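Single-structure report; data block below.
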Amino acid sequence: MSNFARMLAALALVLVLAWIALRVLRGRLGRGTGAQAGRAAGNGEALRFVRALPVGTKERVVLVEHRGERWLLGVTAGGISTIAHWSAPGTALEKALPGGPSD
């Protein structure tokens with residue numbers, strides 16, 4: 001067998017092995033994240049985005065819900081900070097934000 005044919009056979013073998021590895025990894029990662037997401041949503045563990053209000057070019061105020069509690073977060077390029085926290089959904093803040101239930 002010539003050197004060129006051996007090189008093509010080796011390249012084909014590497015490509016087949018890479019394809020098999022990707023299929024196996026994609027299958028494992030896909031099942032793991034789906035099961036975790038379903039389990040988290042069923043337990044009320046999911047973080048739910050409610051709405052965001054931009055206050056600058058890269059800054060915004062974000063309202064999220066987690067475990068039945070509402071969190072008002074300040075998000076900037078440098079980090080995230082807690083502004084306020086409520087234990088029950090449907091607070092006056094949600095009604096005051098643009099696009100709230102009163103609009």
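Predicted, not measured: the structure shown is a model, and the values here were computed from it. By convention here, the first residue in the shown sequence is residue 1.
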Original post:
If you group Ile, Leu, Val, Met, Phe, Trp and Tyr by side-chain heavy-atom gaps below 4.5 Å, do Ile80 and Leu47 land in one group?
Top reply: yes
Original post:
Below 4.5 Å, heavy atoms only, C-beta onward: do Arg70 and Val50 meet side chain to side chain?
Top reply: yes
Original post:
Which pair of heavy atoms, one from Ala52 and one from Arg60, lies closest together, and at what distance?
Top reply: CB-CD, 4.3 Å
**OP:** For Leu63 and Trp86, work out which heavy atoms get closest and say how close.
**Re:** CD1-CZ3, 4.2 Å
Original post:
Any chain of hydrophobic side-chain contacts (each under 4.5 Å) joining Val16 to Trp19?
Top reply: yes
Original post:
Mind checking whether Arg67 and Arg48 have side chains closer than 4.5 Å, heavy atoms only?
Top reply: no
Subject >> 4.5 Å side-chain heavy-atom contact, Val61 and Leu72 >> reply: yes
**OP:** Decide side-chain contact (heavy atoms from CB on, under 4.5 Å) for Glu59 and Val75; before the verdict, give the C-alpha distance in whole Å, the side-chain angles of both, and the deciding distance to 0.1 Å.
**Re:** CA-CA 6 Å; Glu59 300 83 15; Val75 181; over 6 Å; no
Subject >> CZ (Phe49) with more than 12 external heavy atoms under 6.0 Å >> reply: yes
Subject >> Atom pair NE2/NE2 of His66 and His85 - distance to nearest 0.5 Å >> reply: 9.5 Å
Subject >> Pair Thr82-Trp71, side-chain contact (heavy atoms from CB on, under 4.5 Å): steps then yes or no >> reply: CA-CA 7 Å; Thr82 303; Trp71 297 82; 3.9 Å; yes
Subject >> Spacing of Leu11 atom CG and Arg6 atom CZ [to the nearest 0.5 Å] >> reply: 16.0 Å
**OP:** Enter the distance from Leu25:CG to Ile20:CD1 here, rounded to the nearest 0.5 Å.
**Re:** 12.0 Å
